Amino acid sequence: MKFTDLNLSQDVLQAISAMGFEEPSPIQAKAIPIAMEHKDMIGQAQTGTGKTTAFGVPLIEQIDENREGIQGLVLAPTRELAIQVAEELNRIGQVKGVRTLPIYGGQDITRQIKALKKRPQIIAATPGRLMDHMKRKTIRLNQIQMVVLDEADEMLNMGFIDDIETILAGITSSYQMMLFSATMPTRIQSLAEKYMNDPEIVKVKAKTMTVKNIEQHYIEIQEKRKFEILCNLLDIHSPERAIVFGRTKKRVDELVGALMKRGYSAEGIHGDISQAKRNQVIRRFKDQTIEIMVATDVAARGLDIKGVSHIYNFDIPQDPESYVHRIGRTGRAGEKGQAITFVTPREISQLKTIEQVTKTKIARQPVPTVSDVIEENKQAAIEDIKKAAEKGDHYEYKQIAENLLEDMDSVTALAAALKLLTKKPDATPVTLSEVPPIRVKKDKGGKKQKRRGSGGHNRRSKGRSRRKYG
DNA sequence: AAAAAAG
């Protein structure tokens, strides 16, 4: 099947082909025709299945670019995701002239208000800031024709369901709705029942859900040795782009510091880092100014960055779902990817759970040693010499080399040069502070945790007492 | 216990 079989406008087809797409992914092939008939739709699809284009194409097609007012609304759980969705929609809508504006917290609101005055037809938003605009009446939702809930289960996990309901209640026009979610918990189902009109359900089969082109391994390792081993792995793999996932914000900060101390180009991203900085880190990671991005789970979901060759779970993820999302940042668009998870002996049972739930075998890998690194560096030095020899711009060195060979034999000279070229592993000492252990959820059959009744908004008091030190 | 999201 081709995009040209989907009854799309010339403008959209041209934009898609400029983006380098020819064949729709399974979810796109199913979702686009349904949505084009103005039907409500639920898409159960994991990360990396081409969801954004699946809702983006019908969304853009249905926009009247000559009309004023916001006609399309996409809600996403994280700011980065909102930005990324807006970028993708802008690409799809480029030829047709449909403009999408990202609306998210942490960015100067007057700047957003100014941008809203330029009349985007679509906004891609995180819930909090959108509600802020609604209260300020700087956004009108009386022209909305299509609403998309992206990563709905994650928005549920993050406690956005009430916000979503508030937002939906604030839309005065009638609209078509598309909902995307990797899982379908009851609360999502009831949300769908309440707000959707006889939705068609599109599932992407488990086969395409599992991420086949990602090599998955784990290394059993003591907490204290994690950093050394991470460095060894980075040296051996020399990844094009790598994401290192840590469990806490503090952990991420410390890892970045430690990596930089060892001379790696790494920057961190987590919820306490300013939004401007977060955006900058993503940009720098994309354009390869930095090779390593260290992140909390803020970057686990949905981020679509090309050329992420390696994922390192420095700390094992909380739950199987998080695992799937984290490793899904690699192996995108048919590329190959490697995911390596550090597991301390006490965390082995969690790894087993991940294997069971994801129905994949995660193979154990031996701990890479310093001599592995040196071996790898030797190979790299050899490659460098070969490449330089092929390049042939070393004319000025030839005479020196010949002089040198009068004093010693060629093997000795080359061996010495190779030794000099072989990088030594950096052993700058670093210490990371301890990370609090994960409390393992025990599901003692039947007793389900329930949310407290309505009005049970968990508000944090300002003067919340905090234990200082011991 | 931690993370995200409105300041």
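The model shown is predicted, which means the values in this text are computed figures rather than measured ones. A, B, ... follow the sequence lines: proteins, then strands. Residue 1 opens every chain.
Non-hydrogen atoms lying under 4.0 Å from DNA chain B are contributed by nothing in residues 107-115 of chain A.
Note: CG (Asn313(A)) to C1' (dA2(B)) measures 15 Å, nearest angstrom. Atom-to-atom, CD1 of Ile269(A) to P of dA4(B) comes out at 9 Å; the value is rounded to the nearest Å. Rounded to whole angstrom, the span from the CG atom of Leu75(A) across to the P atom of dA6(B) amounts to 11 Å. Taking atom CG of residue Asp319(A) and atom C1' of nucleotide dA1(B), one finds them 13 Å apart after rounding to whole Å. As a whole-Å value, the separation of Glu80(A) CD from dA4(B) P is 9 Å. Rounded to whole Å, atom C1' of dA4(B) lies 12 Å from atom CD of Gln318(A). One interatomic measurement links the two molecules: CZ of Arg79(A) to P of dA3(B), which rounds to 15 Å at whole-angstrom precision. For the pair Ile273(A) CD1 and dA4(B) C1', the computed distance is 14 Å after rounding to whole Å.
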Enumerate donor-acceptor pairs with a distance under 3.5 Å from any side-chain N or O in residues 254-261 of chain A to protein atoms, sequence neighbours excluded.
unit_1    : atom_1 : unit_2    : atom_2 : d
Glu254(A) : OE1    : Ser433(A) : N      : 2.8
Glu254(A) : OE1    : Ser433(A) : OG     : 2.9
Glu254(A) : OE2    : Ser433(A) : OG     : 2.5

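Residue pairs meeting the salt bridge (charged side-chain N to carboxylate O under 4.0 Å, His left out) criterion with at least one partner in residues 90-106 of chain A, sequence neighbours excluded, are Glu88(A)-Arg91(A).
Nearest heavy-atom pair across Pro239(A) and His310(A) is CB-ND1, 3.3 Å.
An OP1 or OP2 oxygen of dA2(B) is reached within less than 4.0 angstrom by no side-chain nitrogen or oxygen of Thr296(A). The side chain of Lys249(A) contributes an N or O atom lying less than 4.0 Å from OP1 or OP2 of dA4(B).
Under the side chain to side chain donor-acceptor pair (under 3.5 Å) criterion, Arg67(A) pairs with Gln143(A), not counting sequence neighbours. Taking the side-chain contact (heavy atoms from CB on, under 4.5 Å) definition, one finds that Thr369(A) meets it with Ser371(A), Asp372(A), sequence neighbours left out. Ser265(A) is linked by a side-chain contact (heavy atoms from CB on, under 4.5 Å) to Ile290(A), Glu291(A), counting only residues two or more places apart in sequence or in another chain.
When heavy atoms are screened at a 4.0 angstrom cut-off, Arg278(A) is found touching the sugar-phosphate backbone but no base atom.
Heavy atoms from other residues, nucleotides or ligands lying under 6.0 Å from CZ of Arg140(A) number 12 at most.
In this structure, of dA6(B), dA4(B), dA5(B), it is dA5(B) that holds the atom nearest to the side chain of Phe160(A). Considering only side-chain atoms of Thr78(A), the nucleotide from dA4(B), dA3(B), dA6(B) that sits closest is dA4(B).
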